[in-house]
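Scroll down for the structure; my scribbles are underneath it.
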Amino acid sequence: MNTSASKIASLPQASEIDFAQQLKAFHAGQTKRKKVLFVTPEYTGLIKAGGLGDVAAALPRALAEHNDVRILIPAYREILQHHFPIKIIARLEGLAKIPACKIAQLQLEDDGPLIYLLICPELFDRAGSPYSTPEGTDWEDNHIRFARLGLAAADIALGKGHLGWRPDIVHAHDWPSGLTPAYMALRNQPTPCLFTIHNLAFQGLFAPSAMPDIGLPARVFNSEEMEFFGKLSFLKAGLVYSNSITTVSETYAREITRAEFGCGLHGLLQQKFEQGLLYGITNGIDDSWEPSTDPYLISGFSAREWEAKRANTRHVERQLNLAVNDEAPLFAVVSRIAPQKGIDLTLGIADTLIHAGGRLAVMGTGDHALENALVKLAKRYPEQVGVHIGFNEIEARRLFAGSDFLLMPSRFEPCGLSQMYAQSFGSLPIANCTGGLADTIEDGVNGFLFHEPNLASYKAAIKRAFNVYAHPDLLNAMRCHAMNSPQYWRESARPYQHLYQQVLRKRPMNFFKGGLSQCR
């Protein structure tokens with residue numbers, strides 16, 4: 001685990017913050033809770049494509065004790081088909097080719113945050129994911145779809161639509177929300193905006209001809225603002241125009257200021273760091289990841305109740321037609337099937353893993369070539385390898401609980417939640433030492449780290465895992481450490497609360513006087 005101090009992650013960590021004293025001082029000068037608008041393309045419980053959905057759903061709940069947090073999300077077809085009880089409360093005007101929209105409100109739980117659904121059927125009432133067609137290609141009008149999201153957020157911050165609620169701070173997430181601070185800045189809105197990077201590799205790049213469609217003036221298409229190697233970048237807009245930037249782990253915050261991980265934006269991010277505007281706050285997990293009380297597990301368990309844990313293993317074996325064999329450790333993959341996640345590396349070590357006596361269970365979807373390679377692997381080893389192409393939240397929980405080890409050879413990993421889910425369920429992660437994996441896994445204590453994303457390094461870590469599995473006392477000690485390791489959102493939310501106060505104390509930035517001329 002990386003415990004070195006990080007200048008980038010200069011916010012005090014939860015254990016270092018005298019939170020009660022901060023809140024006392026905060027409330028002494030305030031007459032009401034701060035109003036925060038979360039702008040997100042995903043929200044677990046409504047629609048989820050990745051870890052962003054989990055964060056967008058869990059963090060507002062953790063902040064709710066001291067803030068009035070509301071969510072703005074597009075009303076995709078998948079959401080509308082649930083027939084949630086919604087109430088139309090506002091209408092917002094369009095801009096250029098961005099159509100007008102309606103805002104409806106929804107509350108999934110009595111104590112949950114209020115959700116604003118952005119209703120625009122011509123943009124969002126479609127089959128497919130939030131970002132792509134059922135065939136997996138990006139929607140051609142994604143620039144208009146997510147400009148509509150950013151414009152709606154800016155309108156709400158400006159008080160348009162007469163919602164009877166106006167945020168004190170806007171918190172936008174990833175490239176689909178990147179135009180939120182841009183539209184706010186173009187209108188000289190004083191409301192501060194925080195922008196969180198969940199994965200820098202996804203940038204929302206469009207041809208410059210898209211700019212008139214979404215009402216952006218030609219003057220902002222330059223290397224200091226929205227231009228990125230000849231393209232319009234939604235992500236860069238979010239970085240340039242927001243008041244502060246966070247990303248989802250301390251190590252990833254350091255990594256993205258370097259060319260290796262910066263995806264061409266490392267110069268801009270290094271400058272934001274030097275200005276004191278870049279922070280790393282490691283994600284948490286929500287309280288549902290408690291193995292003794294999770295209603296979806298075949299059998300709940302606590303530390304040292306390993307026989308009860310095995311009931312989940314038996315279920316996974318039945319579901320994936322694996323041989324029942326407690327002498328053969330079960331290695332799991334629960335992941336997007338993509339090169340970033342190192343799935344090709346797992347394919348590369350699979351023969352070694354199986355010949356050493358292990359078994360492999362895979363759940364995920366993504367790159368079709370990698371999916372096909374996994375399916376072929378399962379056909380080659382029908383009792384040792386099981387593959388489920390797709391994702392099911394309940395079965396994923398059972399796989400975490402039933403496995404002995406989780407494989408995460410990611411080439412880069414902004415934070416990663418799967419390793420923390422696995423740890424909480426007594427499954428030891430085996431991971432490349434990068435991003436949030438480095439921050440949440442202590443090598444040889446609650447998991448295993450290797451330091452180069454290559455087959456030799458990966459195989460060495462697998463061998464260490466087999467050695468631990470052969471010594472039950474050591475295995476169980478590591479499991480106990482792992483189950484006590486994950487940080488929950490109630491701790492992770494505290495640095496965000498601190499940062500909100502810090503951003504609110506600062507004057508709004510003036511975005512149109514240069515200062516970024518050396519950054520693309």
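Computed over heavy atoms, backbone and side chain alike; hydrogens, waters and symmetry mates excluded.
Side chain to side chain, Gln271 and Gln275 fail the donor-acceptor criterion of an N or O pair below 3.5 Å. For the residue pair Gln501 and His498, no side-chain donor N or O sits within less than 3.5 Å of a side-chain acceptor on the partner. With no hydrogens or angles considered, a side-chain donor-acceptor pair links Gln419 and Thr440 at under 3.5 Å. Using a 3.5 Å distance cut-off with no hydrogens or angles, the side chains of Glu371 and Thr365 do pair a donor with an acceptor. Defined by atom type and a distance below 3.5 Å, a donor-acceptor pair is missing between the side-chain atoms of Glu290 and Tyr488. When only modelled atom types and interatomic distance are considered, Ser492 and Gln487 share a side-chain donor-acceptor pair under 3.5 Å.
Looking at Lys341 and Glu413, a side-chain N of the basic residue comes within less than 4.0 Å of a carboxylate O on the acidic one, giving a salt bridge. By the 4.0 Å N-to-carboxylate-O rule, Arg187 lies close enough to Asp155 to be salt-bridged with it.
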- Query: Please walk me through it: do Tyr241 and Glu225 pass side-chain hydrogen bond (donor to acceptor under 3.5 Å, both in side chains)?
  - Reply: CA-CA 8 Å; Tyr241 298 120; Glu225 297 177 67; 2.9 Å; yes

- Chi angles and distances behind the side-chain hydrogen bond (donor to acceptor under 3.5 Å, both in side chains) call for Tyr421, Asp54: CA-CA 12 Å; Tyr421 296 156; Asp54 290 338; 3.0 Å; yes

- ring-ring contact (aromatic ring centres under 6.0 Å, His included) evaluation trace for Phe261 with His266: CA-CA 8 Å; Phe261 295 99; His266 53 283; over 10 Å; no

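Asp286 meets the salt bridge (Lys or Arg N to Asp or Glu O under 4.0 Å) test with no other residue; sequence neighbours excluded. In this structure Glu78 satisfies the salt bridge (Lys or Arg N to Asp or Glu O under 4.0 Å) test with no other residue, sequence neighbours excluded.
Two residues are said to be in side-chain contact when any heavy atoms from C-beta on lie closer than 4.5 Å; Leu200 and Leu235 meet this criterion. Using a 4.5 Å cut-off on side-chain heavy atoms (C-beta onward), Val334 and Phe391 make contact. The closest side-chain heavy-atom distance from Asp174 to Phe202 is not below 4.5 Å. Between Met226 and Phe206 the shortest side-chain heavy-atom distance does not fall below 4.5 Å. A 4.5 Å side-chain heavy-atom check between Arg411 and Thr434 finds every atom pair outside the cut-off. In this structure, Val55 and Trp489 have side chains that are in contact, with non-hydrogen atoms separated by less than 4.5 Å. Under the 4.5 Å side-chain criterion, counting only non-hydrogen atoms from C-beta, Phe221 is not in contact with Leu216.
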Residues 88-113 side chain polar contacts: donor-acceptor under 3.5 Å, at least two apart:
| from | atom 1 | to | atom 2 | distance (Å) |
| --- | --- | --- | --- | --- |
| Gln107 | NE2 | Gly112 | O | 2.6 |
| Glu109 | OE1 | Arg61 | NH2 | 2.9 |
| Glu109 | OE2 | Arg61 | NH2 | 2.9 |

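Within 6.0 Å of NE2 on His82 lie more than 12 heavy atoms contributed by other residues, nucleotides or ligands.
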